[in-house]
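Scope of the values below: all heavy atoms of this structure, side chains included, with no hydrogens, waters or symmetry mates.
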Amino acid sequence: MACVWTTPAIAQDLFVDFEKGKDSNSGITKSAPWQHAPGDANAASNAGSYKLRPGDVVNFKGGVEYLGSIAIPAGGSDSQPITYKGNGWGEGRAILSGAKELKATFTPCASASDCHNNPNWEKLFKSSLEEDVNPFTPMFLSDRRVWIAREPNQPDPFWFDDYEHYNVVGGDVNRSVMGADYLTLDNGLDNTDEKNWQNARIAVWMKPNLVLLTEVTGIDTASNTIKFNPPGNDPYTDRESYYALFNRPSDVDQPGEYFIDNEARRIVIWPENPETMENSRLYINELAAGFNINGSSNLVIEGFHIRHYFGDHDGWASGTAIINSDHPVRNVVIRDNYIDHLRSVEGIGAIQLHKAQDVVVSNNTVTNSQKSSGIRFGFSKDIIIRDNVIHKIGRTGIRLIETENIQVTGNTLSDILGVHGNGMSVYLKNKAILVAENMFDNVPFAFTYHGTGNIEEANSMWLLSNIFLGRVRSWGSQFGSMHFLHNMILAEVEPGKSIQIPGHEPSTVFKNNIIDGLIVSPAPEDWVFSHNIYSGLSWLQSSKYGWTLEPGGDIDEGITDEIWGFFSEKQANVARGQGDNIYKLLPVARFKAYDFSHWKEARAIGPRAIPSP
């Protein structure tokens, strides 16, 4: 008699073991786990036909690497969410990975001609490949990241779009010229032949402040011109621009770099440990996304290590760990996940949700992800983003666009240095945003915001007790009812210019902050200042421009040296004076999940202690 699989009527634990499971197993015991989880397109048999029910918990075995993507097929109920759990079975976290191993057998280069006439040929290895490989997908040699060859080399190849270390075009001295699809060099091309350019890519800095990657289509040695596919943007003509070259064999000039020739299906690499090459395995980021929530509400995703997803697929939802499509979702919890080694092309968030309501994103870590944002929400309301760590990513740490009732508290954001790599950005139609007790460290633009020109659409934000080691800037367009309360704002990049607000933002309040210089133009009449300490003054903060020290304020230009770094370690030694009482300014009734009780009484100027991570 044939066995007919039926879904039970009650919620239960389900078990997934990618190494030892079978999709034909029952999946309801640890001794009979599935290989694939419900929602994986590769799930077959019982695993593929199972229908998730409210309260089900899909347990992935800890310590096991699961290769694949999950498009969550169903949601739970308000009281019984469906849970995908990575740390409830086995040892440590389950690893959800989009990596793919490439079949590669490395042998040393036999001569210069054997490795594209590279002068370092004696240190290089080569292998054939069975398929085309995007040169910019993250590549790993036995779990160690290797980097695409480039010219010029950069201090840290992770920041491939750091144009400050690119070659210069134009300006007052350099007479090289960049067009929409060409680059003519004043000092000539290098002396390599045309074959060296056949697989080359070029990165160009064009309007509006974008580093764009495109293919080199050829060179003209007579005119010293590099031709490339037009990226669709216009070059700058009123200032210097910048470019860098990638994936030429001549530029494999230091350990840890590679070159890919897709026409010949070949890779050349300079390994850091040549003695291990015989047993080395080569991996790339292959799949687009880890979890696609896919419109499923009443959901929990927790306890995973998510890594190796690549953003070079059709559509925008790629290079991400957790994302939802255009379908609305509600009542979602994303917590305690460790996310690393993503690569986005368009700056997609490692965690990105649009059209979401009643979502909590907490205690996650996002790190070492190129061109990726950290956490993004758009067209969403009633969201809590708290106690996350976002470190070394290439785009904005936390971004909000057209959101309402958003609590962002207790997060640590650091080393966000790429183009448009702001710590946090709040843009366009946003209402009722609480940003409290966050740490922003080594982020040149720690916080940026702007409205729409209509204060009915963009208003009511509270920056409370944050540490901003980087500039805070408004881009204008009238964001109404802005509150700066008990923050420390120090801009190491531009001392004396830590807050920059070039336009008039209605109804802005500054109380009890430590500020390293304030640039506001025009001087506002409807703003409130009191009890701020200035560790430095901008050029606008002088009697010449009508500036005077506010009630309870002070100027202490030596304070920066005392409190630079992690503020909490030195806070007790800084005499800052008593601030004004701010409790009546706080959105206590709106944000019930946050404890405002500390601020019922007047407190010392500056943020309260925040433990370093």
Side-chain angles (χ1 to χ4, degrees), residues 164 208-210 347 373-374 376 390 393-401 403 406 408 411 413-430 433-436 438-453 455 458-464 466-510 513-524 527 529 532 534-541 545 547 560 607:
E164 292 186 2
N209 187 25
L210 293 173
S373 296
R376 280 184 171 192
I390 300 173
I393 62 172
R395 289 291 290 266
T396 302
I398 298 173
R399 194 194 74 173
L400 306 178
I401 290 183
T403 65
I406 312 295
V408 182
N411 302 283
L413 302 96
S414 61
D415 296 344
I416 304 174
L417 305 173
V419 176
H420 297 289
N422 304 325
M424 181 173 174
S425 296
V426 181
Y427 293 159
L428 304 178
K429 297 179 183 179
N430 292 280
I433 313 296
L434 173 65
V435 182
N438 302 283
M439 162 69 81
F440 298 79
D441 184 26
N442 194 27
V443 185
F445 277 106
F447 191 91
T448 63
Y449 66 100
H450 70 75
T452 65
I455 61 172
N459 61 70
S460 303
M461 182 152 59
W462 294 264
L463 305 187
L464 171 65
N466 300 284
I467 298 174
F468 297 107
L469 302 184
R471 288 164 286 182
V472 173
R473 174 150 189 161
S474 164
W475 299 113
S477 298
Q478 297 212 337
F479 195 105
S481 189
M482 185 75 181
H483 303 78
F484 291 80
L485 308 169
H486 281 281
N487 302 286
M488 182 177 74
I489 308 172
L490 304 175
E492 186 178 20
V493 174
E494 290 187 298
K497 300 178 182 179
S498 66
I499 300 178
Q500 301 174 16
I501 306 178
H504 177 60
E505 305 290 0
S507 303
T508 299
V509 176
F510 286 87
N513 303 283
I514 298 172
I515 302 171
D516 185 28
L518 173 67
I519 295 178
V520 180
S521 179
W527 287 17
F529 289 85
N532 298 292
Y534 297 93
S535 63
L537 299 177
S538 75
W539 59 275
L540 277 173
Q541 289 180 281
Y545 297 102
W547 183 83
T560 300

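Taking the six-membered ring for Trp, W547 and Y534 have ring centres closer than 6.0 Å.
In terms of heavy-atom proximity, N487 sits nearest to P607 at C-CD, 3.8 Å. Scanning all heavy atoms of the two residues, the minimum distance from L400 to I406 falls at CD1-CG2, 3.8 Å. Scanning both residues, E505 and Q478, for their nearest heavy atoms gives OE1-CA, 2.9 Å. Across I416 and R395, no two heavy atoms sit closer than the pair CG2-O, 3.0 Å. When every heavy atom of T452 is checked against every heavy atom of A458, the shortest pair comes out as N-CB, 4.3 Å. The heavy-atom pair separating G496 from S538 by the smallest distance is O-CB, 3.2 Å.
Rounding to the nearest 0.5 Å places NE2 of H486 at 12.0 Å from CG of N466. Distance check: S507 OG to M482 CE gives 12.5 Å after rounding to the nearest 0.5 Å. Expressed to the nearest 0.5 Å, how far CG of L518 lies from CD1 of I501 amounts to 6.5 Å. Going from atom CG of N513 over to atom CD1 of I499 covers 6.5 Å, rounded to the nearest 0.5 Å. In this structure, CG in L413 is found 7.5 Å from CD1 in I393, a value given to the nearest 0.5 Å. Distance check: I489 CD1 to L469 CG gives 10.5 Å after rounding to the nearest 0.5 Å.
In this structure, N411 contributes its side chain and N438 its backbone to no donor-acceptor pair below 3.5 Å.
Among residues two or more places apart in sequence or in another chain, the side chain to side chain donor-acceptor pair (under 3.5 Å) test is passed with N459 by none. In terms of the side chain to side chain contact (heavy atoms under 4.5 Å, CB included) criterion, residue partners of A446 (sequence neighbours excluded) are, by chain and number, F440, F468. Partners of S460 under the side chain to side chain contact (heavy atoms under 4.5 Å, CB included) rule, at least two apart in sequence or in another chain, are W462, S481. Residues that satisfy the side chain to side chain contact (heavy atoms under 4.5 Å, CB included) test with S425, not counting sequence neighbours, are T396, R399, N422, Y427, T448. The side chain to side chain donor-acceptor pair (under 3.5 Å) test applied to R376 returns S373, not counting sequence neighbours. Under the side chain to side chain donor-acceptor pair (under 3.5 Å) criterion, N430 pairs with T403, not counting sequence neighbours. Residues forming a side chain to side chain contact (heavy atoms under 4.5 Å, CB included) with P444 (at least two apart in sequence, or on another chain): L417, R471, V493. Considering only residues two or more places apart in sequence or on other chains, Q500 meets the side chain to side chain donor-acceptor pair (under 3.5 Å) condition with R473, E494.
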Worksheet item: Could you go step by step and tell me if D516 and M488 meet the side-chain contact (heavy atoms from CB on, under 4.5 Å) rule?
Response: CA-CA 9 Å; D516 185 28; M488 182 177 74; over 6 Å; no

Discussion item. Could you walk me through whether V426 and F447 satisfy the side-chain contact (heavy atoms from CB on, under 4.5 Å) test, starting with their C-alpha distance in whole Å, then the side-chain angles of each, then the deciding distance to 0.1 Å, before giving a yes or no?
Written reply: CA-CA 8 Å; V426 181; F447 191 91; 3.8 Å; yes

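Ring geometry for F510 versus F484: interplanar angle under 30°, hence parallel rather than tilted (30 to 60°).
Residue pairs meeting the salt bridge (charged side-chain N to carboxylate O under 4.0 Å, His left out) criterion with at least one partner in residues 418-429, sequence neighbours excluded, are K429-E457.
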